[in-house]
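Just below is one structure, and these are the notes that go with it.
Note that ligands are numbered from 1 as they come in the structure, with each ligand's atoms numbered from 1 the same way. Just so it is clear, the model here is predicted, and its values are computed rather than measured.
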Amino acid sequence: MSERRYLLRTFGCQMNEHDSERIAGLLTSDGYVATEEAAEASVVVFNTCAIRENADNRLYGNLGHLRPLKQANPRMRIVVAGCLAQKDGGLIQEKAPWVDVVVGTHALPGLLELLHRAETKGPQMDLSEVTEVFPSALPALREVRHHAWVSIAVGCDNQCTFCIVPLVRGPQLSRPIGDVLAEVQGLARNGVVEVTLLGQNVNTYGRDLTVPDSPRRPMFADLLRAVNRVEGLRRIRFTSPHPHEFTPDVIDAMAGSDKVCEHIHFPLQSGSDRVLKVMQRSYRRERYLAWLDAIRAAIRGIAVSTDIIVGFPGETEEDFLDTLELVGRAGFDQAYTFQYSPRPGTRAATMDDQIPKEVVQERFDRLVALQESISLERMREQVGTTAEVLVEGIGRKGGLQGRTRTNRVVHFEGDHVPGDFVDVAIVGAHPHHLDGEPAREPAAVS
Ligand code: SAM
Ligand code: SF4
């Protein structure tokens, strides 16, 4: 029946992917069935991202496209959820009065009630500022059977001057360790072999939890060790740590936990000490590189990815050259590169010396070219090795696609299903993926 179908579009990071599994879970528990056709949907949900400006433009563009459908079918309900909902609030229904529900980042558990109320009372909005129920605790509809996202903390206590996350996700709130473990155990019992622990700053996990008779301290290392003991689980990943709090106990826990994968996402943002200071990132370039050395020394073969912003206000050519130099020294396996985007409410957005678009673009292109050549070099080092690959499904090349423990994407041929572990001989390299074939010898480490 067309009146019971929902269309869900997700923008942004893994946090949003995870929230979307919960949105799908809530709607399914209320009897809705997923569709890809807006015309036959009775509920359309946009789960939005606010990290860069183009996200705003995309949302309002998408809402514009829905307007004629809503006019043709006034019973269609349109929902805007996520970070832009939290950021823009009432502005969304001002700009697009055909939106029925605006639900902020903390208010997801009340989605069904808001939808029901919209039926009789008209447009609804909930922008509550406090997370009472973690998204992971809501019913989920997961598209992938072998992998799951697990939220360990929401929000962030840092104040990086470019970043809107603390404004739309609030201060850090950690989930009790027992709840996280219970969820991971349940997932493993249901066939999940890989989990990714999610938080804006995972290594400060637990700092805000009150544990009777003990000092307040981050508990991420304890959490990693505890999750490592969950039976049935084969791989543990996490994202993202902040370089500043990446303490030796976390490195020890990673090195001593066989299920924790040999990959770390270690966001740099800039290679210039002057820019890092204005960004309010609390580490400096030499410290960052020293941490990287310590991690690589403790965990053999670990792959490292990073985030870098180009064109932060006041970034000079010299600052940018510092970033290029550091990128050359760090030898990242992958880098997510972003052009700086001023976000309302952040300190950097009001700084005087915003960099012209064409300068940002030119620097960005140079950074991408350098990183592509480094990524290719790192991938070539894998040729001739054998890796354990977890099959994800059909890849772009028409064959199978999977991932190594080091988070490298591998394309290969074979007769396997998602969730299978296969030893694959690496025979070819590209900047963002490897080519493989079924191995004759078993994989050694990764
Ligand atoms: N918590 C993580 C950390 O501290 O590195 C990052 C979370 S954020 C969702 C992901 C990435 O988006 C950041 O690492 C940063 O590189 C990028 N980003 C955040 N704000 C940005 C902005 N205003 N313009 C461009 N990129 C931005
Ligand atoms: Fe944003 Fe900084 Fe918090 Fe990361 S650590 S979410 S970049 S404020």
Worksheet item: If you count only heavy atoms, which residues are under 4.0 Å from ligand 2?
Response: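 The 4.0 Å shell around ligand 2 contains C156, N158, C160, F162, C163, V165, P166, Q200, H242, R281.
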Ligand 1: which protein N/O atoms lie under 3.5 Å from its N/O atoms?
unit_1	atom_1	unit_2	atom_2	d
ligand 1	1 (N)	Q200	O	2.7
ligand 1	1 (N)	Q200	OE1	3.3
ligand 1	4 (O)	R281	NH1	3.1
ligand 1	5 (O)	Q269	NE2	3.3
ligand 1	14 (O)	Q269	NE2	2.7
ligand 1	14 (O)	D307	OD2	2.6
ligand 1	16 (O)	Q269	OE1	2.7
ligand 1	23 (N)	F162	O	3.0
ligand 1	23 (N)	S341	O	2.8
ligand 1	24 (N)	S341	N	3.0
ligand 1	26 (N)	R52	NH1	3.4

Fill in: Geometric class of the F312/Y340 ring pair [parallel <30°, tilted 30-60°, perpendicular >60°]
perpendicular
Worksheet item: Would you say the side-chain atoms of R5 pair up with the backbone N or O of E36, donor to acceptor, closer than 3.5 Å?
Response: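 A pair under 3.5 Å: no.
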Item to complete: Look at the side chain of D319 and the backbone N and O of T316, then say whether any donor-acceptor pair between them is shorter than 3.5 Å.
Response: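 A pair under 3.5 Å: yes.
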Worksheet item: Is the distance between the ring centroids of Y283 and F246 under 6.0 Å?
Response: no
Worksheet item: Are F238 and H265 an aromatic pair by the rule of ring centers under 6.0 Å?
Response: no
Worksheet entry | Criterion side-chain hydrogen bond (donor to acceptor under 3.5 Å, both in side chains) against Q172, the qualifying member of N201, D157, T204, N158 |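 Answer after filtering N201, D157, T204, N158: T204.
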Worksheet entry | Under the salt bridge (Lys or Arg N to Asp or Glu O under 4.0 Å) test, residues paired with R169 that sit two or more places apart |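 Only D19 meet the salt bridge (Lys or Arg N to Asp or Glu O under 4.0 Å) criterion with R169.
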Practice prompt. Could you tell me whether the side chains of Y60 and D88 share a donor-acceptor contact shorter than 3.5 Å?
Written response: yes
Discussion item. Going by the rule side chain to side chain contact (heavy atoms under 4.5 Å, CB included), which residues pair with L167 if we only count those two or more places apart in sequence or in a different chain?
Written reply: I164, T346
